[in-house]
Every structure is written in C-alpha cells, then in structure tokens.
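Structure first, commentary second.
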Amino acid sequence: DIAIEYMEEMKDSPLADDDFRENYLYELGLMLTEYARTAGDAKLRDQLYPQARETLEIYGQGTAGPLGGAKALTELGNILVERGRQLVQKANLPTQKANKDSLTIEARKLYDEAQKMFENVEEFYRSELKDSTRFPKSIDPTKDKKLFDLRQEYRAQFGKTGLDVATVVYEKAQTYD
C-alpha cells in the first residue's frame, strides 16, 4: 500500500526523472502484482490482479516500445498463470465440488491466454536476435559492450520465455484428471 501510494505521488513530482516517468506504469503493474500475490485476502487479490493487468496492458500499448511491450506481456502472462493456479486450487477444495468443472475450464482458458502471450514474447526475442542489422553475428564485447550486453539480455529473456511456455503447458496439463 505504502509503496503504491509513493509511486502515485512521485509520478508527477519534479524530482522524478524521465526514466521513472517512462516506466512508471510498468513498475506500478509489478507492484500491484506482487501485492496481489502476497495478499492473504482473496477478495483483495481479486481486485488487485485486474488492476495490475490493466496497468500493464496500458503500459504495453503506450510508449513502452517493443521491448517494453514484451516485458509487459511477460508480466501479464505471469498474472494469468497465477490466476489459473488460484482457480485450480479453488476447484480442488471439497466445498467446490459442484463448481470444479467450470473453475477448471476457466483456469485452462487463462493458461491458454498466457501461453499465447509467452509465445508472442518468445517470437519477439527470436526475431530480434535473428536481425543481423540489430545484432551482428559477432560483437566484440571490448568494443561495443552495450550492444553485447543487450544481446546477452535478449538471449536470456528468450530462454526464460521458452521456460514460461513450457511451464504454462505443464500447468494446464495438470488440470486434466
């Protein structure tokens, strides 16, 4: 709560630099997501996740650029996976026997949506890494450290996104008896 209030106050502050203003919505979305994950109250989580999702969607569609959009999509996918897990847990409660099928179907839809997001992000990194005008085949880290480090970051994100796809497929598979 305090961190979110601080972010809200700082967004219009003259003390905030351009980088803060550009990434404000992304950071706010991450904070809302983390707050939702750690909230003990299910009703509060149900309010926070949609807020986080909306904030990240606005960031991804705004001036974030392709990399910012990929980062936002990754976080959105993570939110959907988390929500799917919560629905599966709820579906497995003895008190939810009557709703188990509908909750499981809803969780699968969230997993499918997350998988598509992760696959789009994976394709973004794949195409960026293949673009020889962006990343030449050989980059000398002593001459162009910034470009070398950026390529390394893209490679790491590409690998992580592949794991995200595999994880969501696994999570969905676990919903079948």
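For F135, the ring-ring contact (aromatic ring centres under 6.0 Å, His included) partners two or more places apart in sequence, or in a different chain, are Y154. For E54, there are no salt bridge (Lys or Arg N to Asp or Glu O under 4.0 Å) partners two or more places apart in sequence or in a different chain. R134 is linked by a salt bridge (Lys or Arg N to Asp or Glu O under 4.0 Å) to E128, counting only residues two or more places apart in sequence or in another chain. Residues satisfying the salt bridge (Lys or Arg N to Asp or Glu O under 4.0 Å) test with E75, not counting sequence neighbours, are none. With sequence neighbours left out, the side chain to side chain donor-acceptor pair (under 3.5 Å) criterion links Y35 to D1. Taking the side chain to side chain donor-acceptor pair (under 3.5 Å) definition, one finds that D101 meets it with nothing, sequence neighbours left out. Partners of D131 according to the side chain to side chain donor-acceptor pair (under 3.5 Å) rule, which considers only residues two or more places apart in sequence or in another chain, are T133. Contacts of T142 classified as side chain to side chain donor-acceptor pair (under 3.5 Å), with partners at least two apart in sequence or in another chain: D140.
To the nearest 0.5 Å, atoms CD (E171) and CG (L80) are separated by 12.5 Å. Note that CD of Q51 is 5.5 Å distant from CG of L32, once rounded to the nearest 0.5 Å. The line from OG1 of T55 to CD1 of I79 is 8.5 Å long, rounded to the nearest 0.5 Å. Note that the CZ atom of F124 and the OG1 atom of T74 stand 9.5 Å from one another [nearest 0.5 Å]. Atom CG of L110 and atom OG1 of T175 lie 11.0 Å apart (nearest 0.5 Å).
The side chain to side chain contact (heavy atoms under 4.5 Å, CB included) test with Y111 is passed by exactly one of R85, Q174, E106: R85.
Using a 4.5 Å cut-off on side-chain heavy atoms (C-beta onward), K160 and F118 make no contact. Residues L56 and Y26 meet the side-chain proximity criterion, which asks for heavy atoms closer than 4.5 Å.
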Fill in: Trace of the side chain to side chain contact (heavy atoms under 4.5 Å, CB included) decision for E82 with T33
CA-CA 10 Å; E82 187 68 30; T33 301; over 6 Å; no
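Applying the side-chain hydrogen bond (donor to acceptor under 3.5 Å, both in side chains) rule to pairs touching residues 39-49 yields D46-R83, sequence neighbours excluded. Among residue pairs with one or both ends in residues 109-122, those qualifying as salt bridge (Lys or Arg N to Asp or Glu O under 4.0 Å) are R53-E113, D112-K172; sequence neighbours excluded. Note on residues 146-159: pairs passing salt bridge (Lys or Arg N to Asp or Glu O under 4.0 Å), not counting sequence neighbours, are K145-D149.
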Under 3.5 Å, sequence neighbours excluded: what are the donor-acceptor pairs made by side chains of residues 90-98?
residue, atom, partner, partner atom, Å
N92, OD1, K100, NZ, 3.4
N92, ND2, V88, O, 3.1
Q96, OE1, N99, ND2, 2.9

